[in-house]
Amino acid sequence: MLSVQTLAGVPLLGRALAVQQQAIRAAWSEADAVLGDQAGIAPAFRVTLGALPAELLDLERNLFSTFFVAALQTLPVSPDRCRLYAVLNHLFRAWVTSADNLLDNEDKSVFHFRMSNDSRIMPQIVTIMMADRVLHSVLDQAVEAGVLSRPEARSLSVHTLRILLPSGAEEAMEEDGFEDWSDPAYILNELHPLKTGILFQVPFLGPELVETQLDAERVAEMKAAMTSFGIGCQVLDDIRDMARDFLLRRANYVVAVAAARDGAASVRQRLAAGSSCEDSRVYQSFPEAVESGLDVAFQRIDGGLARLDRCGMTGLVRAGPLIRGLLLRKLDLADLVR
């Protein structure tokens, strides 16, 4: 499997994946405890967690989170705190994924609930509320165990919201849709760093707030490298989502490149013709823009991997082709594998 090859080339990722899997199990267990058994509630109205599916522990489902944990493992952070930060990262993932699901009418899930119907919206709302309770429970337990002080826990509680606000503000800009396609450089350099890049800096929130032995310059370089990697991933996502973003009038780098190249009216007409459903592979009708998008995406991804490699995440450059292939397959873009 591709994941096995990737781990073999980067032992650090193998160790990080093990910690990430522990974090998922811990968050799942705590979420189950927060929900309780609900024995006094009629079965039709119970909301409980199902068993943790094995596939939620795979590298393919946890590539970004594994990268985050691997970065933390190169810093002077104790194992107990590293595990705590990994759980916090998983809760960030729950908040962001559920918010995206609500905004984009999707159903990707971090926690799987058992409900008496197939509601799409309520599981997202329950996830956001539940993850907040899990956060406070996890922080309380860390204080009781001496892993954090009470002031440190309070600071983490507050800043886990504050760090997400710029990304939320960017999403709010897109909520009603753009009247016209923006300049590609503006999307790449202004919007995507807020939309996605900031989410790749989230893992450093805990260490920067709590740890006292960090090399500030090294952490800044790692954050910049993660941001570069994240923006590259977002451009790949833009290729896959050309049809959906056209329908919702969202900022999309590849659509903007096509519009700048061929004219907005022509691109709008071709997108409309190919966007009869959100799963349409309309990007295949824009080979020049897609090729440009791939070049930009891989430049950002490879540049980020190289900088992370130099920061101590040794082996990422060597595993670059495997990681790129895994990303394309994750996004259902295997037809674009070079």
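Note: the hydrophobic cluster containing V19 does not contain L308 (ILVMFWY, side chain heavy atoms under 4.5 Å, direct or indirect links). Cluster annotation: L103 is not connected to V255 through the hydrophobic network of ILVMFWY side chains, with a link wherever side-chain heavy atoms come within less than 4.5 Å. Criterion: ILVMFWY side-chain heavy atoms under 4.5 Å apart, direct or through other members. Under it, L63 and V96 are part of a common hydrophobic cluster. If you chain together hydrophobic residues whose side chains sit under 4.5 Å apart, V158 and L164 never meet in one group. Residues V69 and L326 do not share a hydrophobic cluster, defined by chaining ILVMFWY side chains whose heavy atoms lie under 4.5 Å apart.
By the neighbour-count criterion of 12 heavy atoms within 6.0 Å, atom CD1 of I121 is sparsely surrounded, having that number or fewer from other residues, nucleotides or ligands.
Put simply, the side chain of R218 reaches to within 4.5 Å of the side chain of L75, judged on heavy atoms. No side-chain heavy atom of F111 sits less than 4.5 Å from a side-chain heavy atom of V134. With a 4.5 Å cut-off on side-chain heavy atoms, V143 and S149 do not count as touching. Annotation: side chain of R154 is not in contact with side chain of L139 (no heavy-atom distance under 4.5 Å). No side-chain heavy atom of T314 sits less than 4.5 Å from a side-chain heavy atom of L12.
Expressed to the nearest 0.5 Å, how far CG of L294 lies from OH of Y283 amounts to 10.0 Å. Once rounded to the nearest 0.5 Å, the distance linking OG of S157 with NE2 of H136 reads 4.0 Å. Considering CE of M313 and CG of L13, their distance stands at 6.0 Å, rounded to 0.5 Å. From T160, atom OG1 reaches atom CG of L135 across 5.0 Å, with rounding to the nearest 0.5 Å. In this structure, L191 CG and Y253 OH are separated by 13.0 Å, a value rounded to the nearest 0.5 Å. To the nearest 0.5 Å, atom CG of residue L17 and atom OG of residue S65 are 10.0 Å apart.
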Side-chain donor-acceptor pairs under 3.5 Å in residues 223-233, sequence neighbours left out?
residue : atom : partner : partner atom : Å
K223    : NZ   : E208    : OE1          : 3.0
T227    : OG1  : Q201    : NE2          : 2.8
T227    : OG1  : K223    : O            : 2.9
S228    : OG   : R300    : O            : 2.7

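Using a distance-only test at 3.5 Å, with no hydrogens or angles considered, a donor-acceptor pair links the side chain of D309 to the main chain of L316. No side-chain donor-acceptor contact under 3.5 Å links S155 to the backbone of P151. Not one N or O on the side chain of R81 forms a donor-acceptor pair closer than 3.5 Å with the backbone of V77. Judged by distance alone, the side chain of N252 and the main-chain N or O of D245 form no donor-acceptor pair under 3.5 Å. The main-chain N or O of V147 is never found under 3.5 Å from a side-chain atom of D80 such that the two would form a donor-acceptor pair. With S292 contributing its side chain and E288 its backbone, the two residues share no donor-acceptor pair below 3.5 Å. A donor-acceptor pair is defined here as one N or O able to donate and one able to accept, closer than 3.5 Å; such a pair exists between the side chain of D183 and the backbone of Y186.
Judged as a side-chain hydrogen bond (donor to acceptor under 3.5 Å, both in side chains), the pairs with a partner in residues 33-57 (not counting sequence neighbours) are, in order, T48-R114. Here side-chain hydrogen bond (donor to acceptor under 3.5 Å, both in side chains) pairs that include residues 18-29, with residues two or more places apart or in two chains, are Q20-N62.
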Check: Which is it for H192 and I198 under the side chain to side chain contact (heavy atoms under 4.5 Å, CB included) test, yes or no, and what are the steps along the way?
Finding: CA-CA 9 Å; H192 280 0; I198 196 171; over 6 Å; no

Checklist line | Residue pair V317, R310: steps toward the side chain to side chain contact (heavy atoms under 4.5 Å, CB included) verdict | finding: CA-CA 9 Å; V317 170; R310 292 194 295 271; over 6 Å; no

Check: Given V10 and R318, is the side chain to side chain contact (heavy atoms under 4.5 Å, CB included) satisfied, shown in steps?
Finding: CA-CA 8 Å; V10 191; R318 186 170 58 253; 5.8 Å; no

Next item on the list: Test ring-ring contact (aromatic ring centres under 6.0 Å, His included) on F200 and F68 and set out the steps.
Entry: CA-CA 8 Å; F200 281 75; F68 299 156; 5.6 Å; yes

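Not counting sequence neighbours, N89 has no partner by the side chain to side chain donor-acceptor pair (under 3.5 Å) test. For F92, the ring-ring contact (aromatic ring centres under 6.0 Å, His included) criterion is met by W95, not counting sequence neighbours. Judged as a side chain to side chain donor-acceptor pair (under 3.5 Å), and not counting sequence neighbours, the contacts of E30 are S137, Q141. Contacts of Q269 classified as side chain to side chain donor-acceptor pair (under 3.5 Å), with partners at least two apart in sequence or in another chain: none. With sequence neighbours left out, the side chain to side chain contact (heavy atoms under 4.5 Å, CB included) criterion links M129 to I125, R133. Scanning for side chain to side chain donor-acceptor pair (under 3.5 Å) contacts around H112 gives S109, with sequence neighbours left out. Looking at residues two or more places apart in sequence or on another chain, you find no ring-ring contact (aromatic ring centres under 6.0 Å, His included) involving Y85. Annotation: ring-ring contact (aromatic ring centres under 6.0 Å, His included) contacts of F286 (sequence neighbours excluded): none.
Grouping Ile, Leu, Val, Met, Phe, Trp and Tyr by side-chain contacts under 4.5 Å, direct or through others, leaves L194 on its own.
Across V47 and L35, no two heavy atoms sit closer than the pair O-CD1, 3.9 Å. Shown here for C311 and E221, the closest heavy-atom pair between the two residues is SG-CG, 3.4 Å. Here the closest non-hydrogen pair linking N101 and Q124 is ND2-OE1, 2.9 Å.
With no hydrogens or angles considered, no side-chain donor-acceptor pair links D295 and Q299 at under 3.5 Å.
None of I301, V254, V296, D241 except one satisfies the side-chain contact (heavy atoms from CB on, under 4.5 Å) rule with L236; the exception is I301.
Looking at R250 and D104, a side-chain N of the basic residue comes within less than 4.0 Å of a carboxylate O on the acidic one, giving a salt bridge. In this structure, K330 does not pair ionically with E60, as no charged nitrogen and carboxylate oxygen lie closer than 4.0 Å. Using a 4.0 Å cut-off between charged nitrogen and carboxylate oxygen, D237 and R240 do not count as a salt-bridge pair. Taking the charged nitrogens against the carboxylate oxygens, R61 and D58 have no contact shorter than 4.0 Å, which rules out a salt bridge. Between E190 and K195, none of the side-chain N atoms (NZ, or NE/NH1/NH2) sits under 4.0 Å from a carboxylate O, so this pair counts as no salt bridge. Using a 4.0 Å cut-off between charged side-chain N and carboxylate O, R244 and E106 make a salt bridge.
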